[in-house]
Amino acid sequence: HILGMSKGLYQYFVDPDTNVALTGHFDTDASPPWISVEPLLTKVKEHFDCTNPAITEIRLENEGSSSGTQGSHWERALFMNEYMTASATFGRAITFVTLALFESSGWYQVDYDM
């Protein structure tokens with residue numbers, strides 16, 4: 001969580017070009033909680049072959065503890081074995097989804113080819 005996947009850290013995400021704080025890009029109190037940042041949104045839509053312009057948010061986990069699980073993990077129903085889902089599964093992987101979130105924070109440069 002310390003690298004950026006935490007509802008307590010989304011408020012500190014910045015535009016990497018200007019270093020200005022992002023606003024209005026998440027709601028962890030919503031049902032379901034969501035985040036909407038680039039390039040995360042574009043990469044997830046490409047993965048799911050989604051061309052619907054009405055899809056503007058990525059769902060976060062809405063079950064479990066509101067103090068640690070909800071809003072701080074990927075929605076398991078969508079992202080299955082992605083490392084930052086809320087519970088351990090076989091074959092967990094850090095995929096482009098979490099890498100794109102890191103890049104979207106404005107704190108990291110990501111090499112997707114590694």
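Numbering starts at 1 and runs along the sequence shown.
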message: Quick check: is Phe26 connected to Ile55 through a chain of hydrophobic side chains (ILVMFWY, heavy atoms under 4.5 Å apart)?
response: no
query: Is there side-chain contact between Tyr12 and Ser6, with heavy atoms separated by less than 4.5 Å?
result: no
- prompt: Under the 3.5 angstrom rule, does the side chain of Ser36 hit a backbone N or O of His25 as a donor-acceptor pair?
  reply: no
message: A side-chain contact here means heavy atoms from C-beta on lying under 4.5 Å apart; do Tyr108 and Leu101 qualify?
response: no
message: If we ignore hydrogens and angles and just use 3.5 Å, is the side chain of Asp15 paired with the main-chain N or O of Val20 as donor and acceptor?
response: no
Residue pair Gln70 / Leu60, side-chain heavy-atom distance below 4.5 Å: no
field: NZ or CZ of Lys43 within 45° of Phe48 ring axis and under 6.0 Å
entry: no
statement: The reported gap from CD in Glu63 to CD in Glu75 (rounded to nearest 0.5 angstrom) is 7.0 Å
- request: Give a yes or no on whether the backbone of Leu40 and the side-chain of Lys45 come within a donor-acceptor separation of less than 3.5 Å.
  value: no
- prompt: Tell me, do Phe13 and Ile35 make a side-chain contact under 4.5 Å, heavy atoms counted?
  reply: yes
- line: Tightest non-hydrogen contact, residues Leu22 and Val14, listed as CG-C, 3.9 Å
query: Does any N or O in the side chain of Thr85 come within less than 3.5 Å of the main-chain N or O of Asn81, such that one atom is a donor and the other an acceptor?
result: no
task: Considering non-hydrogen atoms only, spot the tightest contact between Ala100 and Pro39 and give its length.
output: O-CD, 4.2 Å
Glu57 vs Arg59 side-chain heavy atoms within contact, under 4.5 Å: no
query: Does the side-chain hydrogen bond (donor to acceptor under 3.5 Å, both in side chains) test come out yes or no for Glu82 and Thr98, once each step is laid out?
result: CA-CA 8 Å; Glu82 168 62 44; Thr98 297; 2.4 Å; yes
- prompt: How far apart are the C-alpha atoms of Thr95 and Tyr112, what are their side-chain angles, what is the distance that settles it, and do they pass the side-chain contact (heavy atoms from CB on, under 4.5 Å) test?
  reply: CA-CA 9 Å; Thr95 70; Tyr112 293 96; over 6 Å; no
message: Counting only heavy atoms from other residues, nucleotides and ligands, does the tally under 6.0 Å from CD of Gln11 exceed 12?
response: yes
field: Atom pair CD (Glu61) and CG (Leu78), whose distance is rounded to the nearest 0.5 Å
entry: 9.5 Å
query: Can any side-chain N or O of Tyr10 pair as donor or acceptor with the backbone N or O of Thr28 at less than 3.5 Å?
result: no
query: Is a side-chain donor or acceptor of Ser72 paired with a backbone partner of Thr69 at a separation under 3.5 angstrom?
result: no
query: Same cluster for Trp34 and Met84 if Ile/Leu/Val/Met/Phe/Trp/Tyr side chains link at under 4.5 Å?
result: no
query: Can you say whether the rings of Trp74 and Phe79 are parallel (under 30°), tilted (30 to 60°) or perpendicular (over 60°)?
result: tilted
